[in-house]
Amino acid sequence: NISAYVPVIHGCDKFCSFCIIPYRRGREVSRKVCDVSNEIELLSRRGVKEVTLLGQNIDSYGHDLPGSVDLSSLLEAVHDISEIDRIRFLTSHPNDMSNQIIEAVSKLDRVCEHINLPFQAGDDEVLSRMRRGYTRDQYLKLIDKIRDTIPNVSLATDVIVGFCGETDRQFERTLDLLKSVEFDKVHSAAYSTRIGTIADRKFEDNLSLSEKKDRLSALDSIQKEIQTKINSNLLGETTEILVEGKKNGKMFGRNRNDKIVYLENELNNGSLLGTLKNVKITKTGPWSLTASLNN
C-alpha cells in the first residue's frame, strides 16, 4: 500500500463520560520512538510513502516515556526517514494540543497541514457533563492559535449531537461553533449509550431517536454548505497530491489538507501510483475534488 496507519499510543486516560475506550483498552501506553521509527522504516522499504500515526489521544504520546518525549519528538524522528513523503496523525485532544506539536506541524515539511481536533459539543454545560475538560472559549482560542501558526492548515472535528440533557439552545450553540470555525471536515454522530460508561451510570439518555436524527440532519446540512463553499474556493488552484490508487473508476489521491482528489482522464494509469503530482482543480464538490495533471 502507498499509505499505512501506525499505532503509537494505546489506551486513553481521559474518561470522557460517553466513552468506553478507557475501560476496554486500558490506560495510555506509548511505544518507544525507536520502535515506531523502525516499523516505519520497514514500511518505507515496502513502498509506503505516507504514514498516519494513530492514538485514541495521540497528543498525549510520550508522557509515560523517560525523558522529554512528546508527539513533536516522534514527528521529528519520523521526518528523518527520507523515503516517507508525508506524515499525518490523529486523533487529537484539545487539552493536550501543545505549542510544541503545533510548531512541529508548522516547521516540518513532511508533516501535513491537517489537524483533527474534536470539540464534541459547543455548549459549556454539555462539555462539562461529557467531562471534556475545556470550555467553548478555550477551544476557540486553540483554533485561533493553530491557524495563526499554520496559516494553510485544514481542520477536521468530531461532534456528538443529542447527548444526555442537551436542550435545543445548547444544540444551537454547537451549530454556532460549526459556522464560526468552518471546519474542512466533520465526523458527526448521534449519541447512543455505551453500557458501563459514566454517562450510562449517572445521566438519563432522555432525547428520542427522532430528535437526535433531526439534529444530526441539521448539522450535516450546514456542514455540507460549509464544505461546498471551502472547496469551491479551490477551483482553478494547483495542489499537490499523493496518488494512492483507483476508486470509483478513477485514479485518486489526497492533498496535504486531506482532501480527496480524483484525476480526470487517468482511469488506469498505474505509473502514477505512489508519486507526488501537482494537479489543477477543475471541479469541486462538498466531499471531493476533480483535477487534471499539470504538464
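Keep in mind that what you see is a predicted model, and the values were worked out from it rather than measured.
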Do any pairs count as a side chain to side chain donor-acceptor pair (under 3.5 Å) and have a residue in residues 78-87, sequence neighbours left out, and if so which ones? Arg86-Glu240
Would one find more than 12 heavy atoms of other residues, nucleotides or ligands at under 6.0 Å from atom CG of Asn1? no
Of all heavy-atom pairs between Val33 and Ala77, which one has the smallest distance, and what is that distance? CG1-CB, 3.6 Å
How far apart are the closest heavy atoms of Thr174 and Gly122, and which atoms are they? OG1-N, 2.8 Å
Is any side-chain N of the basic residue among Arg88 and Glu50 closer than 4.0 Å to the acidic one's carboxylate O? yes
Would you check if there is a donor-acceptor pair between the side chains of Glu28 and His63 at a distance under 3.5 Å? yes
Give me the atom names and distance for the closest heavy-atom approach of Arg132 to Pro118. NH2-O, 3.5 Å
Please round to the nearest 0.5 Å and tell me the distance separating atom CD1 of Ile20 and atom OG1 of Thr197. 6.0 Å
Distance, nearest 0.5 Å, that separates OG of Ser292 from CG of Asn265: 8.5 Å
Check: Asn116/Thr91 side-chain N/O donor and acceptor closer than 3.5 Å: no
Which donor-acceptor pairs under 3.5 Å do the side chains of residues 39-49 make with protein atoms, sequence neighbours left out?
residue : atom : partner : partner atom : Å
Glu39   : OE1  : Arg31   : NH1          : 2.8
Glu39   : OE1  : Arg31   : NH2          : 2.9
Ser44   : OG   : Glu41   : O            : 2.6

Within the 4.5 Å heavy-atom criterion, are Glu166 and Tyr191 side-chain neighbours or not? no
Ser60 side chain to Asn57 main-chain N or O, any donor-acceptor pair under 3.5 Å? yes
Could you report the tightest heavy-atom contact between Gln227 and Pro286, atom names first, then the distance? NE2-O, 2.7 Å
Can a donor-acceptor pair be found, under 3.5 Å and without considering hydrogens, that links the side chain of Thr228 to the backbone of Lys224? yes
Using a cut-off of 6.0 Å, state whether more than 12 heavy atoms not belonging to Phe15 lie near its atom CZ. yes
Name every donor-acceptor pair, under 3.5 Å, that has one atom in a side chain of residues 149-164 and the other anywhere in the protein, sequence neighbours excluded.
residue : atom : partner : partner atom : Å
Thr149  : OG1  : Lys145  : O            : 2.9
Ser154  : OG   : Glu113  : O            : 3.4
Ser154  : OG   : His114  : ND1          : 2.6
Ser154  : OG   : Asn257  : O            : 3.0
Ser154  : OG   : Asn257  : ND2          : 3.4
Thr157  : OG1  : Leu117  : O            : 2.8
Thr157  : OG1  : Phe119  : N            : 3.1

Could you report the tightest heavy-atom contact between Ile198 and Tyr23, atom names first, then the distance? CG1-OH, 3.6 Å
Between Arg215 and Asp168, does at least one N-O distance fall below 4.0 Å, as a salt bridge requires? yes
State, to 0.1 Å, how close Cys19 and Pro22 come at their nearest heavy-atom pair, and which atoms those are. O-CD, 3.9 Å
When rounded to the nearest 0.5 angstrom, what is the spacing between CG in Asp258 and CG in Asp184? 9.5 Å
Run Asp96 and Lys14 through salt bridge (charged side-chain N to carboxylate O under 4.0 Å, His left out) and show every step you take. CA-CA 11 Å; Asp96 298 310; Lys14 291 302 182 196; 2.9 Å; yes
List the steps and the verdict of side chain to side chain contact (heavy atoms under 4.5 Å, CB included) for His187 and Lys185. CA-CA 7 Å; His187 309 283; Lys185 189 182 299 183; 3.8 Å; yes
Among all residues two or more places apart in sequence or in another chain, which pass the side chain to side chain donor-acceptor pair (under 3.5 Å) test with Lys277? none
With sequence neighbours excluded, what pairs up with Asp70 under the side chain to side chain donor-acceptor pair (under 3.5 Å) test? Ser72, Ser73
Any Lys/Arg nitrogen of Lys107 or Glu76 sitting under 4.0 Å from an Asp/Glu carboxylate oxygen of the other? yes
In this structure, which one of Arg131, Arg27, Arg25 forms a salt bridge (charged side-chain N to carboxylate O under 4.0 Å, His left out) with Asp13? Arg27
Will you find, in the side chains of Glu103 and Ser106, an N or O donor that is under 3.5 Å from an N or O acceptor? no
Among Ile, Leu, Val, Met, Phe, Trp and Tyr joined by side-chain contacts under 4.5 Å, find the other residues sharing a cluster with Phe252 and list them by chain and number. Ile260, Tyr262
Could you tell me if the side chain of Leu177 sits less than 4.5 Å from the side chain of Tyr139, heavy atoms only? yes
Quick one: does Gln138's side chain have a donor or acceptor within less than 3.5 Å of a partner on Thr135's backbone? yes
Roughly how far apart are Ser217 OG and Lys212 NZ, rounded to 0.5 Å? 16.0 Å
